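First the structure, in the form of structure tokens, and then the observations on it.
On a predicted model such as this, the values are computed, not experimentally measured, just so you know. Both counts, for ligands and for their atoms, begin at 1 and track the order of listing.
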Amino acid sequence: MAAKTPEEIIDDAQAWWSTSIIDIHPGKIAMRGYAIEELIGTVRFPQMIWLMLRGELPTPAQAELLEHSMVAAVDHGPHAPSIAISRMAVSCGLPVNGAMASAINALDDVHGGAGQQCMELYCEIAAEAGAHVEDEADVTRATEVVIGRWRERGIKIFPGFGHRFHPLDPRSPRLLALVDAAQAKGVVGGRFARIGRAVEAVLGRGRPKPIPMNIDGVTAIIYCELGFEPELGRGIFILSRAVGILAHAWEQKQQGARIKGPMPKTIPYRYTGAAPRPVPAQD
Ligand SMILES: CC(C)(COP(=O)(O)OP(=O)(O)OC[C@H]1O[C@@H](n2cnc3c(N)ncnc32)[C@H](O)[C@@H]1OP(=O)(O)O)[C@@H](O)C(=O)NCCC(=O)NCCS
């Protein structure tokens, strides 16, 4: 193979981190082609998130709906594992950034990160309903088919539904009402709200009480209505929850406790192992 010319080597090096997100030169910063000094003071933070992820600015109404979902998800109290982790980490001496990283790592499929799988569920139902996605009865039928398919794969617990703590998560009806209002104004189409409601109805069939849509289920509706790819769902949720994680890390730091475990030391855990016994002789 012929040796590369110096120009080709420089070209390879420049292509190494090729990006269409940001262009920086001495004295010049542009995001997606917009000068930062024009963006500052003009666009809101959710518009900036959208611009960074998708390349174009959303309308103010689209950004507003995204903002509503992000306001809703900032915190769920110190008993939420991610928040507890951030507080425990600080009490063990981690700086705030380390506590945030530890907490964010716990946001996965089961806790706080279920929105992404829920978006996949909704998209599969939308694909199943196809052109009939505007019809409520057809959406219910498509939902039954897809839930049946997931159950055949051994899935019993559906992402975005159920709650350990709330019989009805107060965030869900409020956010759904805001989605409905956005639909009435033509900001979103409303098909994913229809799908989310159908999933809740199908999961609750024959049960004494419903399996309520939780924050992940309703934020998944918003992200899908706004056209985000499912794989971005968890990341956007984390941008919001990071606010609560930071606030709790900071409060715990100021409270100053050291080595705080998950429970006060006066409350023992339950031991379920072998009774005390001698270690067998090692010949
Ligand atoms: C959050 C979660 C762990 C709570 O589970 P839980 O403590 O077992 O909830 P409950 O005790 O209220 O469950 C009552 C019943 O509903 C069922 N159920 C709960 N969530 C369900 C779901 N998402 N899909 C189907 N069934 C569900 C339980 O299996 C249980 O069934 P049973 O009565 O036949 O035994 C669970 O709902 C879940 O994993 N949801 C999906 C993940 C998710 O969305 N996480 C984000 C939470 S904010």
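- Within ligand 1, the atoms closer than 4.0 Å to a non-hydrogen atom of Arg164 are 3 (C), 4 (C), 7 (O), numbered from 1 in the order shown.
- Under the 3.5 Å distance criterion, with hydrogens and angles disregarded, no donor-acceptor pair is assigned to the side chains of Glu56 and Trp50.
- When hydrogens are left out, the protein atom nearest atom 25 (C) of ligand 1 is Lys156 O, 3.1 Å; that is the closest non-hydrogen contact.
- Residue, atom and distance of the protein heavy atom nearest to atom 1 (C) of ligand 1 are Gly162 O, 3.9 Å.
- For His76, no heavy-atom contact with ligand 1 is shorter than 4.0 Å.
- Summary of contacts: the protein heavy atom closest to atom 42 (C) of ligand 1 is Val110 O, 3.8 Å.
- Looking at Arg191 and Glu225, no side-chain N of the basic residue comes within less than 4.0 Å of a carboxylate O on the acidic one, giving no salt bridge.
- Counting only heavy atoms of the protein, atom 24 (N) of ligand 1 lies nearest to Phe158 N, 2.9 Å.
- On a distance-only criterion, Asp109 and ligand 1 share no N/O pair closer than 3.5 Å.
- Looking at Asp135 and Arg194, no side-chain N of the basic residue comes within less than 4.0 Å of a carboxylate O on the acidic one, giving no salt bridge.
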Which atom pairs, one a donor and one an acceptor, fall under 3.5 Å between side chains of residues 26-34 and the rest of the protein, sequence neighbours left out?
| residue | atom | partner | partner atom | Å |
| --- | --- | --- | --- | --- |
| Lys28 | NZ | Asp23 | OD2 | 3.3 |
| Arg32 | NE | Leu51 | O | 3.0 |
| Arg32 | NH1 | Ser20 | O | 3.4 |
| Arg32 | NH1 | Ser20 | OG | 3.3 |
| Arg32 | NH2 | Met52 | O | 2.6 |

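- What sits closest to atom 46 (C) of ligand 1 on the protein, heavy atoms only, is Asp216 OD2, 3.0 Å.
- Ranking protein heavy atoms by distance to atom 9 (O) of ligand 1, first place goes to His163 O, 4.3 Å.
- Among all protein heavy atoms, the one lying closest to atom 40 (N) of ligand 1 is Phe161 O, 3.0 Å.
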